[in-house]
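In what follows, a single structure is set out as structure tokens and then discussed.
Side-chain atoms are counted along with the backbone in the values below, which use heavy atoms only and exclude waters and symmetry mates. Quick caveat: nothing in here was measured; it's all calculated off a predicted structure. In what follows, every chain begins at residue 1, and chains take the letters A, B, ... in the order their sequences are listed.
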2 protein chains.
Amino acid sequence: MFSQTVEYALRAIVHLADSAPDSQTKDEIAAATLVPPAYLSKVLQSLRKADIIQTQRGVGGGMRLVGTPETLTILQVVNAVDPIKRIETCPLGIRSHGKNLCPLHRRMDEALASVESAFGATTLSEVLSEPHGSYPLCSHPPVREGQLNILPTLPCAPQTDGTPD
Amino acid sequence: MFSQTVEYALRAIVHLADSAPDSQTKDEIAAATLVPPAYLSKVLQSLRKADIIQTQRGVGGGMRLVGTPETLTILQVVNAVDPIKRIETCPLGIRSHGKNLCPLHRRMDEALASVESAFGATTLSEVLSEPHGSYPLCSHPPVREGQLNILPTLPCAPQTDGTPD
DNA sequence: TTGAATGTGGATATTGACATCCATTATTTG
DNA sequence: CAAATAATGGATGTCAATATCCACATTCAA
């Protein structure tokens, strides 16, 4: 239903919002969100073109939010990479009758509208500040190890929690 | 957002529901719904495997609804050809924590749930019996010509209604 | 100024969704 | 049975989404 690109973009932007207003490099974001680094570049380009993030080349560079998590909605991110296409005209008619959708396509469009509405009403800050203390990219706080480690800090790092397979 | 296959399946099933309990051949459905005939075969196969339609080979054969338009929902049709995949577990975690989605994916799943709910609550008969007299596959009654014609009856046949390009 | 860090953009591969074609099977009618 | 009708299933083709790679441009620090 949602494209892989949307999934990646949202993961990345959540991570960026979480570290706002600081910058993160592409590789840092990729490691934290488990998105293929090479492809993440492309996705982030779309977000930059949509003026959702700023980029900075060179040493100490990276990506950061243009605005604040309070004002940025999930919908803006989604529309930047893979816009929700509302059904404007009957997909059957060569020349559709304006806004008069048939009952079938009206229902389908209403479904799209509900998604659009829900996403448009959700800011990044809302995603980040859930009351239950759950963490954005997984259901528990990220593993923070007080050491330089080989593996990047994975929000949802594979970990055996005692539960057998 | 919705796949082409879903679009085709819904068009076909609306047409079948509209002519229920009669049969329609694949080519009749294809002509009426403007779906590529060869591909429609594949889509209809999915509906048959889901026991939503019955098929009959040979002279006088075709496809018809198994049930009634009153009990068949859009969701059943959608799930037969391209199931709505709810987000059950965190897409990031190798081993996700059961049903505890992170805030981001919970929102995304809620959007999917709203689509699922809307589609599950809509029967084919509801689509067919809109109060405004609008017609299922387009916003006006189909062109019915009292003659044998070369072109099939297209519900949304391309027609110049006086509006310039 | 040099080199390391970092994003940019173009070329290219991979994959699955969409679509077509055709030989075959099943059914009905004459 | 023979012929016409109609669905079935397998093989194949096409294309856009996904994904990778690399040469290049930009920036900072030493």
Side-chain angles (χ1 to χ4, degrees), chain A residues 1-13 15-16 19 22-66 78 80-85 91 152, chain B residues 1-13 15-16 19 22-66 78 80-85 91 152:
Chain A
M1 197 77 164
F2 302 118
S3 72
Q4 196 66 25
T5 304
V6 160
E7 167 75 25
Y8 290 164
L10 287 174
R11 284 190 208 174
I13 211 70
H15 183 76
L16 278 177
S19 36
D22 290 347
S23 287
Q24 297 276 304
T25 68
K26 172 205 64 171
D27 287 330
E28 283 171 340
I29 302 172
T33 58
L34 299 184
V35 174
Y39 192 62
L40 181 62
S41 291
K42 305 297 183 188
V43 177
L44 290 171
Q45 285 306 305
S46 299
L47 296 183
R48 184 182 61 83
K49 284 169 188 160
D51 203 36
I52 290 173
I53 65 175
Q54 281 179 348
T55 59
Q56 176 66 48
R57 292 205 239 200
V59 177
M63 327 268 190
R64 65 184 189 83
L65 285 193
V66 166
V78 169
V81 296
D82 193 2
I84 291 181
K85 284 195 284 274
Chain B
M1 196 78 162
F2 301 117
S3 73
Q4 197 65 27
T5 305
V6 160
E7 166 76 25
Y8 289 163
L10 286 175
R11 284 191 208 174
I13 211 68
H15 184 75
L16 278 177
S19 37
D22 290 349
S23 287
Q24 298 274 306
T25 68
K26 170 204 63 171
D27 288 330
E28 284 170 340
I29 302 171
T33 59
L34 299 184
V35 174
Y39 192 62
L40 181 61
S41 292
K42 306 296 185 190
V43 177
L44 290 171
Q45 286 307 304
S46 300
L47 296 184
R48 184 182 60 81
K49 284 169 187 160
D51 204 35
I52 289 174
I53 64 174
Q54 282 178 348
T55 58
Q56 175 67 50
R57 292 205 241 202
V59 177
M63 327 269 190
R64 64 184 188 83
L65 285 195
V66 166
V78 170
V81 297
D82 194 2
I84 292 182
K85 283 195 285 275

- Note on the structure: Tightest non-hydrogen contact, residues B/Ala80 and B/Ser46, listed as O-CB, 3.8 Å
- Separation of atom CD in A/Glu7 from atom P in D/dT18, rounded to whole Å: 11 Å
- Rounded to the Å, how far apart are A/Leu34 CG and D/dA19 P? 13 Å
- Item | Whole-Å distance separating the CD atom of A/Gln24 from the P atom of C/dA5 | 17 Å
- Query: Between B/Ile13 and B/Ile53, is any pair of side-chain heavy atoms under 4.5 Å apart?
  - Reply: yes
- Using whole Å, report how far NZ of B/Lys26 lies from C1' of C/dT20. 11 Å
- Side-chain contact check for A/Met63: nearest option of D/dT18, C/dG7, C/dC18 is C/dG7
- Query: Hey, where does DNA chain C pair up into stems, meaning at least three consecutive Watson-Crick or G-U pairs with distances under 3.5 Å?
  - Reply: C:1-30 with D:1-30
- Contact under 4.0 Å: A/Arg48 side-chain N or O vs C/dG9 OP1/OP2: yes
- Query: Does A/Thr25 make a side-chain N or O approach to OP1 or OP2 of C/dA5 shorter than 4.0 Å?
  - Reply: no
- Item | A/Ser41 vs C/dG7: side-chain N/O to OP1/OP2 distance below 4.0 Å | no
- Query: With a 4.5 Å heavy-atom cut-off, do A/Ser23 and A/Gln56 have their side chains touching?
  - Reply: no
- Query: Are B/Ile29 and B/Leu40 close enough that some pair of their side-chain heavy atoms sits under 4.5 Å apart?
  - Reply: yes
- Mapping A/Gln4 and B/Asp27 onto DNA chain D by nearest heavy atom, which one lands closer to the 5' end? B/Asp27
- Message: Do A/His15 and A/Arg11 have side chains that approach each other closer than 4.5 Å (heavy atoms only, starting at C-beta)?
- Response: no
- Task: Please determine if a side-chain N or O atom of A/Tyr8 lies less than 4.0 Å away from the OP1 or OP2 oxygen of D/dT18.
- Result: no
- Student check: side-chain heavy atoms of B/Arg64 and B/Gln54 closer than 4.5 Å: yes
- Using distance alone, with no hydrogens and no angle criterion, decide if A/Asp82 and A/Thr5 have a side-chain donor and acceptor under 3.5 Å apart. no
- Closest nucleotide of DNA chain C for B/Thr5 versus for A/Thr55: which of these residues is on the 5' side? A/Thr55
- Item | d(CD, A/Glu28; P, C/dA5) in whole Å | 13 Å
Sort me out a list of protein N/O and nucleotides 20-26 of chain D N/O pairs below 3.5 Å, or just none if empty.
residue: D/dA25; atom: N3; partner: A/Arg57; partner atom: NH1; Å: 3.2

- From A/Tyr39 OH over to A/Leu44 CG, what is the distance, rounded to the nearest 0.5 angstrom? 11.0 Å
- Measure the distance from CE on A/Met1 to C1' on C/dG16 and round it to the nearest whole Å. 19 Å
- Task: With the side chain counted from C-beta on, respond yes when A/Met1 and B/Lys85 share a heavy-atom pair under 4.5 Å apart, and no when they do not.
- Result: no
- Item | Side-chain (B/Thr25) to main-chain (B/Glu28) donor-acceptor, under 3.5 angstrom | yes
- Task: Specify the separation, in whole Å, of atom CD of A/Gln54 and atom C1' of D/dT27.
- Result: 15 Å
- Task: Mind calculating the distance between NZ (B/Lys85) and C1' (C/dA17) to the nearest angstrom?
- Result: 12 Å
